[in-house]
Number of protein chains: 2
Amino acid sequence: MSIHASGSCDQCSLKLLCLPVGLPDTELWQLDEIVQRRRPIPKGKVLFRMGSPFASVFAVRTGSLKTVLLSDDGTEQVTGFALAGELLGLDAINHGEHPVSAVALESTSVCEIPFDKLDTLAGQLPGFRQHFMRMMSREIASDESLLALLGQRSAEQRLAAFLLSLSTRFRARGLVADRFCLSMSRADIANHLGLTQETISRLFTQFRKQGLIEIHTRDLRLIDMDSLHRIAGIRFEPLSQTA
Amino acid sequence: MSIHASGSCDQCSLKLLCLPVGLPDTELWQLDEIVQRRRPIPKGKVLFRMGSPFASVFAVRTGSLKTVLLSDDGTEQVTGFALAGELLGLDAINHGEHPVSAVALESTSVCEIPFDKLDTLAGQLPGFRQHFMRMMSREIASDESLLALLGQRSAEQRLAAFLLSLSTRFRARGLVADRFCLSMSRADIANHLGLTQETISRLFTQFRKQGLIEIHTRDLRLIDMDSLHRIAGIRFEPLSQTA
DNA sequence: GAGCGGCGTTGATTCAGATCAGAAAGGGCG
DNA sequence: CGCCCTTTCTGATCTGAATCAACGCCGCTC
């Protein structure tokens, strides 16, 4: 049960990124009414576990998470990272259970939106329905970009594209685009990009020596974005909502 | 207006796989009314081109297509193959233009569903809305599995998994699971799996020599599915769990 | 502040799959 | 049927990233 009901969608700084997008104030309260605000999830703890029943979609309020798909043989794939304003659980609507686990990368708070109520609202408010479909669609499109990244690009290109994608997402959140903190470990980045931790580490030092970035453990600064773009080989269209 | 109106959803053999799923007969006619049936697309021709404006979702009636994402630098990624009963264009709802091109792999017929009408119907019929969301969700989940395939698996594992996945999809369409025709070229398979056509070719002969499959150009027979399953999903250790 | 464990870096070596180069097999068409 | 063109197959070689192996660093706890 959520007792921790600080804030409302109306007052939330993310309302231009998150589910409320496009909802007129006269309708926003209806969404607000079904949103449950939860107490923060500590770093390393799961929001939901792969295989667990699906009942709600989640929106990240603060912090970040990774989504991890565990295969039968024990292999893991970090399918994405979720930042503030992004939705989690869209992949679970179909089967009714989560195909991935969501793990907090830092202390993270989320809003819970019970799916049955969301669906009802989608029936009533065309604008909301359309926006929700767009968010699902964006998820598909961004997964496709990531597929192209994993299928066609060198390690160097992948990391450059990943950093630029993060940068874009931070900027969309009103943060500076050239200086941010990596909440995920090298191993998580590596896994997500289909590489190894050693390769990521080597690339970070290579980029640093080339004067493209500055990095101290997890504090990152992008110095030469143009070169990074050139390396990435893609004029980016964002990599992923969940990149 | 579509003049080529052969058949209706009600009579279509795919109605248990396609958009009509879960719609009671009393509502099916409403869907039927907005579906436009097109004349077949010849092999190699596009259904829609990357970058073109999005107006409709398409359902494959017969035949098959590949979806291709073209990057700025000219590299292509085959993001998927669409078989009968599957939807195309879901990734375009967000930006309003197609992020991929859809190319027919053989003579292929599709049904066109104008998205504005689909959305209206989604507002009116909860069952339809929920099913459509499930189809979008499934797309996301399956892209995530593919991500795991590209991120973590060897060439051998990728191809085995791909063949088994095709097999499953054919079976769901009432076809035999162990004998089918590959409508896509080796190059398409290779690209989709993040490999080269030479590797695919070598793997086919390897699988043949191991007695796992029989293959004559594009006519495939899966002989030892158990072994294919074993190949598709073994080895590797989990990766560090937290943060 | 000594010891410890998780993360990150660096170096040496290996190997899966890419690349390069042809040969063979179809397949459409005059 | 014979020609041409595309697709597929096979072999030889190369290479980017994985793997294997230490080691340093930082933040803990005791």
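Keep in mind that this is a model prediction, so the values were computed, not measured. Keep in mind that the numbers below use all heavy atoms, side chains included, and drop hydrogens, waters and symmetry copies. First the proteins, then the strands, lettered A, B, ... as listed; each starts at 1.
- Across all strands, A:Ile200 comes closer than 4.0 Å to no nucleic acid atom at all (heavy-atom distances).
- With C:dT19, C:dT10, C:dG17 as the choices, the nucleotide that has an atom nearest any side-chain atom of B:Ser154 turns out to be C:dG17.
- Each of A:Thr217 and A:Ala155 has a nearest nucleotide on DNA chain D; the 5'-most of these lies closest to A:Ala155.
- Put simply, A:Thr196 has no side-chain N or O that comes within less than 4.0 Å of OP1 or OP2 on D:dA17.
- Taking for each of A:Ser201 and B:Gly194 the nucleotide of DNA chain C with the nearest heavy atom, the 5'-most of the two is the partner of A:Ser201.
- Residue A:Glu198 contributes atom CD, which lies 12 Å from atom P of C:dT10 at whole-angstrom precision.
- Here C:dA25 presents its C1' atom at 14 Å from CD1 of B:Ile215, a figure rounded to the nearest Å.
- Checking A:Gln77 against A:Ser71 by side-chain atom types alone, no donor-acceptor pair falls below 3.5 Å.
- Between the C1' atom of C:dA18 and the CG atom of B:Leu195 lies a distance of 10 Å, rounded to the nearest Å.
- Between B:Arg186 atom CZ and D:dC9 atom C1' the separation is 9 Å, expressed in whole Å.
- If you check the side chains of A:Gln152 and B:Thr75, you find no donor sitting under 3.5 Å from an acceptor.
- When the C1' atom of D:dC25 is taken as reference, atom CD of A:Gln197 falls 14 Å away, rounded to whole Å.
- Rounded to an integer number of Å, the gap from B:Leu105 CG to D:dT7 C1' is 15 Å.
- Along DNA chain D, the nucleotide nearest to A:Glu156 and the one nearest to B:Ala187 differ in position, and the one closer to the 5' end is contacted by B:Ala187.
- Judged by distance alone, with hydrogens and angles left aside, A:Arg202 brings no side-chain donor or acceptor close enough to the base of D:dG16 to form a pair under 3.5 Å.
- Remark: P of C:dG17 and CG of B:Leu159 are 11 Å apart, rounded to the nearest angstrom.
- With hydrogens and angles disregarded, a donor-acceptor distance shorter than 3.5 Å links the side chain of B:Thr168 to the backbone of B:Leu164.
- Note: A:Phe81 and A:His192 have perpendicular aromatic rings, judged against thresholds of 30 and 60 degrees for the angle between ring planes.
- Side-chain contact between A:Ser56 and A:Ile113 is absent, with no heavy atoms from C-beta onward closer than 4.5 Å.
- Across all strands, B:Arg158 comes closer than 4.0 Å to no nucleic acid atom at all (heavy-atom distances).
- Looking at heavy-atom distances under 4.0 Å, A:Thr199 makes contact with sugar-phosphate atoms alone, never a base.
- The interatomic distance linking A:Gln152 (CD) with D:dG16 (C1') rounds to 16 Å, in whole Å.
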